[in-house]
Amino acid sequence: MFSESYEEETEEVRVEEEEKEIPSEIVFEAEAPKNLKPCMLLSVSYSGKKKTILCQLYNDENGKVYFWYDNTSHKPYCLTDIPNDEIIKNSHVINHKGFERIDLVDKYDLLRDKIIKMTKIVAKDPLSIGGRKGSIRELLPKAWEAKIKYHECYIYDMQLIPGMFYKIEEGNLVPYFSYQQSESNEEILSLFTEEDDQVKELAFKYIPIFQTPVPEIKRLALDIEVYTSTPNRIPDPREANDPVSCVALIGSDGLKRVLIFEYGELKKEEQNSNLPKDVKLEFYTSEKKLIEEIFKTILNYAVLITFNGDNFDLKYLWHRAKKLGISDRQIPIYLTKDAAMLAIGVHLDLYKFFHNKSIQVYAFMQKYKENTLDAVAEALLGEKKIQLNKYPSEMTPYELASYCYKDAELTYNLTTFDSSLIMKLIILFMRLSRMPMEDVCRLGISRWIQSLLYAIHREKNYLIPLPEEIPAIKGKTVTQAIIKGKKYKGAIVLEPTPGVYFSVAVLDFASLYPSIITRWNLSYETINCPHSECVENRVPNTTHWVCKKRKGIISSIIALFRDIRVKWYKPMSKNMSLPKFKRNWYNVVQQALKVFLNASYGVFGAENFAFYCPSMAESTTAIARYAITSTLNYAKEVSMTIIYGDTDSLFIHQPTQEQIELLLKWSHQNLGIDLDLDKRYRYITFSKLKKNYFGMLEDGSYDIKGLIGKKRNTPEFLKKAFMETISALSHVQNIKDFEEARYKIKKIIQECYNNLKDRRYSLVDLSFRVMLSKAVNYYVKTTPQHVKAAKLLQKFGVEIRSGDIISYVKVSGPLGVKPVRLSSIIEVDVEKYVEHMKTTFGQIMDALGINFDEVIGIKTLDDFN
DNA sequence: GCGGACTGCTTACCT
DNA sequence: ACAGGTAAGCAGTCCGCG
């Protein structure tokens with residue numbers, strides 16, 4: 001039943017998602033007064049009841065949320081290329097019950113580089129434009145800008161910036177932020193005097209976005225537990241058959257409450273709960289009263305924080321409330337297709353936020369690799385959930401309270417650690433993407449960039465192209481990918497020369513792809529532009545060319561983000577003469593920009609991106625290949641020894657300072673892209689494998705890249721032994737020291753081997769932990785080992801879902817695997833594990849000239865020597 | 001009917 | 001639901017073998 005979401009994802013024809021709107025039966029109100037001091041714009045949505053836009057404003061002084069409804073009579077619309085007089089003849093459109101009027105508008109068509117006339121069809125309500133059967137966009141052969149959600153359309157047209165400050169003056173929403181607000185603004189802007197006018201204009205607009213501080217938002221974290229009669233079943237939130245047994249609430253105002261429903265007999269004798277002293281424990285004999293109390297409390301906060309509240313906690317509360325007969329006017333939650341929203345304030349589901357790949361990779365550098373509260377909290381807070389030896393439904397009320405409270409606490413702390421980093425990042429992402437908080441924390445980077453570009457198009461009166469127009473006009477790809485099934489050729493990886501190298505410098509192009517996009521003026525409209533005079537401006541190794549007449553919109557925005565990050569926010573975040581809170585803020589801005597920059601090339605190669613432009617993505621990697629190969633050739637010319645390189649880096653063996661400087665200068669002058677000295681290794685070891693090495697840096701720290709011993713799914717016993725070998729290697733200062741390291745490593749391997757042979761490792765130490773990327777039934781082509789193990793678990797009555805980590809050991813027998821909990825040490829296939837030892841250690845030993853078979857073939861080290 | 005060579009699938013990594 | 005490139009291990013298939 002839980003696999004349904006996957007089914008929807010793989011559906012070929014997707015059901016048009018309806019405009020998300022607040023249902024008309026929701027009656028909660030928090031209308032703003034006629035005049036209101038500056039408040040942060042938290043959210044923009046469409047109210048079905050008021051039939052207009054609702055803006056939620058957060059007042060930092062009292063922690064309250066105020067509603068402001070649109071008073072400008074803005075209406076939903078779409079555009080068509082059918083002339084006015086012809087549209088008038090189309091009775092279906094004109095007589096559509098939602099039709100309001102038509103306007104004639106001028107738009108700038110970037111794809112064709114000319115002004116065009118369009119007909120704007122204005123409707124009474126969003127669903128009349130699209131999202132419902134027979135809506136206006138379905139009556140037109142081609143409809144532009146018709147799939148933009150109305151609340152987004154409103155944001156772009158009104159040039160609203162969620163996350164910035166607005167006041168209400170005589171009932172009108174007025175921005176309260178300006179270029180003049182911060183004293184540094186002039187200084188930052190002066191960094192852009194050399195740049196193109198379009199970049200300067202963007203800088204002027206964006207500087208306040210980066211410089212305006214964010215308020216500390218009044219928020220509440222919530223976690224619920226549900227009583228279930230079948231202990232190992234996870235309760236189904238849509239059924240909500242079982243009572244809510246416990247709810248923990250933690251507020252930024254100091255509130256700490258745990259509400260317990262006494263469904264059974266309460267053993268009073270057992271009261272020594274692990275709860276902190278200041279937590280208020282409350283017992284309810286009525287579940288209905290308990291839930292009503294939760295709902296009442298939620299309303300006092302601007303943001304409600306959960307971990308997976310969309311799919312569990314709030315969904316369960318909603319269905320349970322209905323079941324218990326709580327009236328709609330008392331339920332402040334409403335459910336959409338895949339989210340749970342609040343009538344007042346915003347529900348922030350941290351599960352969704354941390355699931356975001358860009359956040360995981362670029363903001364937190366893959367510190368957490370599993371998307372559970374336990375894994376994320378451990379990686380970012382250094383704290384774990386309460387470890388269970390029984391199911392929640394088997395706990396005493398006090399144990400349950402402690403467990404539930406801890407989860408809420410971890411959830412809450414995820415928003416407060418590092419001076420509320422997460423909240424600050426989210427608000428910066430809102431400003432950059434122009435999205436309301438509930439969207440920004442649920443959608444991925446491609447939607448953020450899409451939204452940012454929509455906003456710029458509307459501000460500049462550029463027509464937003466139909467997605468299919470871009471490849472049609474700008475051409476398809478002309479290169480062949482190395483990997484089957486990919487669309488175009490990507491990066492170059494140099495073949496490493498195996499061995500150990502002392503004194504290695506790594507030179508790399510700092511943010512190569514964004515640099516290429518700005519330096520080469522790459523943008524969806526400038527690639528293969530319509531001007532014949534630009535055709536000679538070729539992209540190397542392709543048939544594409546780039547416009548010389550017009551500065552690209554994408555390259556302009558990337559130039560701004562890249563330059564402001566490199567020239568201001570990154571250095572300022574490290575400037576120790578500044579107070580800590582300022583450095584902290586500069587660091588947050590710097591990180592937020594990094595997230596956008598790192599995705600700026602990839603999105604153009606993603607089919608689902610609204611500005612998908614394969615020729616532009618392909619050009620970016622083609623130029624990158626040109627940059628690295630031409631630099632490599634020059635390096636060889638000046639007699640440098642390149643031992644490895646990947647995409648944007650060159651590893652050079654014992655270069656002289658002069659050689660390095662020569663190379664940096666060369667790339668600056670000949671490519672217009674800056675090469676930097678990234679790091680120096682005291683020594684580095686390469687096997688014959690690409691993307692695989694171990695290097696000791698000069699400061700005593702080390703890098704492990706790609707080696708099996710570091711992979712998440714490698715059995716713990718191997719990881720441990722591997723880290724011991726790394727430890728031995730980390731003491732090596734010079735060639736002489738290797739002798740000792742070799743001796744130690746042999747010893748480690750022999751010990752590991754003997755332990756394995758004698759079956760002295762535990763099953764947990766021997767287990768592979770592999771993630772199930774989809775529901776078990778969706779593995780139709782092959783049945784990998786972790787799926788076999790998962791199927792065995794299912795037979796045993798264990799619920800298995802997509803995203804679960806399956807722990808299994810390799811055993812003798814026809815299946816070859818068994819889940820850890822269903823296996824025993826006697827059946828473990830030792831030979832298989834020896835093979836794994838061999839490949840794991842082989843990656844390091846190859847370079848050191850140690851032979852695995854020799855090492856394990858000898859009983860003791862004394863015999864060996 | 002069997003085993004090695006091969007391709008494809010899957011996961012986890014690198015940039 | 002940002003991209004392509006690489007490695008590892010296994011699943012499944014093909015092919016030759018009188």
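Throughout, a chain's letter reflects where its sequence line sits, starting with A, and its residues are numbered from 1.
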Please classify the nucleic acid contact of [X] as base, sugar-phosphate, or nothing, using heavy-atom distances under 4.0 Å.
| X | value |
| --- | --- |
| Asn608(A) | base |
| Thr783(A) | sugar-phosphate |
| Gln450(A) | nothing |
| Ile483(A) | base |
| Phe604(A) | nothing |
| Gly602(A) | base |
| Ser600(A) | nothing |
| Ala606(A) | sugar-phosphate |

side-chain N/O [X] vs [N] OP1/OP2, d < 4.0 Å:
| X | N | answer |
| --- | --- | --- |
| Lys788(A) | dA11(C) | yes |
| Lys810(A) | dC10(C) | yes |
| Lys690(A) | dT6(C) | yes |
| Lys486(A) | dG4(C) | yes |
| Lys705(A) | dT15(B) | yes |
| Gln785(A) | dT10(B) | no |
| Ser649(A) | dT15(B) | no |
| His786(A) | dT11(B) | yes |
| Lys489(A) | dG4(C) | no |
| Thr647(A) | dT15(B) | no |
| Ser773(A) | dT11(B) | yes |

Walking DNA chain B from its 5' end, the first of Tyr779(A) and Asp508(A) to be reached, judged by nearest nucleotide, is Tyr779(A)
Whole-Å distance, Leu512(A) CG to dG4(C) C1', equals 14 Å
Separation of dC14(B) atom P from Tyr362(A) atom OH, nearest Å, is 13 Å
Inset, instruction - Establish, for the pair Lys474(A) and Tyr524(A), whether the NZ or CZ atom is under 6.0 angstrom from the six-membered ring centre and no further than 45 degrees off its axis. - result: no
Review point. Are Lys710(A) and Phe722(A) in a cation-pi setup, meaning NZ or CZ lies under 6.0 angstrom from the ring centre and within 45 degrees of the ring axis?
Key: no
Is the closest side-chain heavy-atom distance between Tyr206(A) and Ile557(A) below 4.5 Å? yes
* Taking the side chain as every heavy atom from C-beta outward, state whether Leu756(A) and Leu766(A) have any pair of such atoms under 4.5 Å apart. => yes
Q.
Does Leu522(A) form a side-chain contact (heavy atoms from CB on, under 4.5 Å) with Tyr601(A)? I'd like the steps, not just the answer.
A. CA-CA 10 Å; Leu522(A) 297 183; Tyr601(A) 138 75; over 6 Å; no
inquiry  = Looking at the base of dA12(B), is there any donor atom on it, or on the side chain of Asn713(A), that sits under 3.5 Å from an acceptor on the other one?
reply    = no
Strictly by modelled atom types, are His151(A) and Asp439(A) linked by a side-chain donor-acceptor pair under 3.5 Å?
-> yes
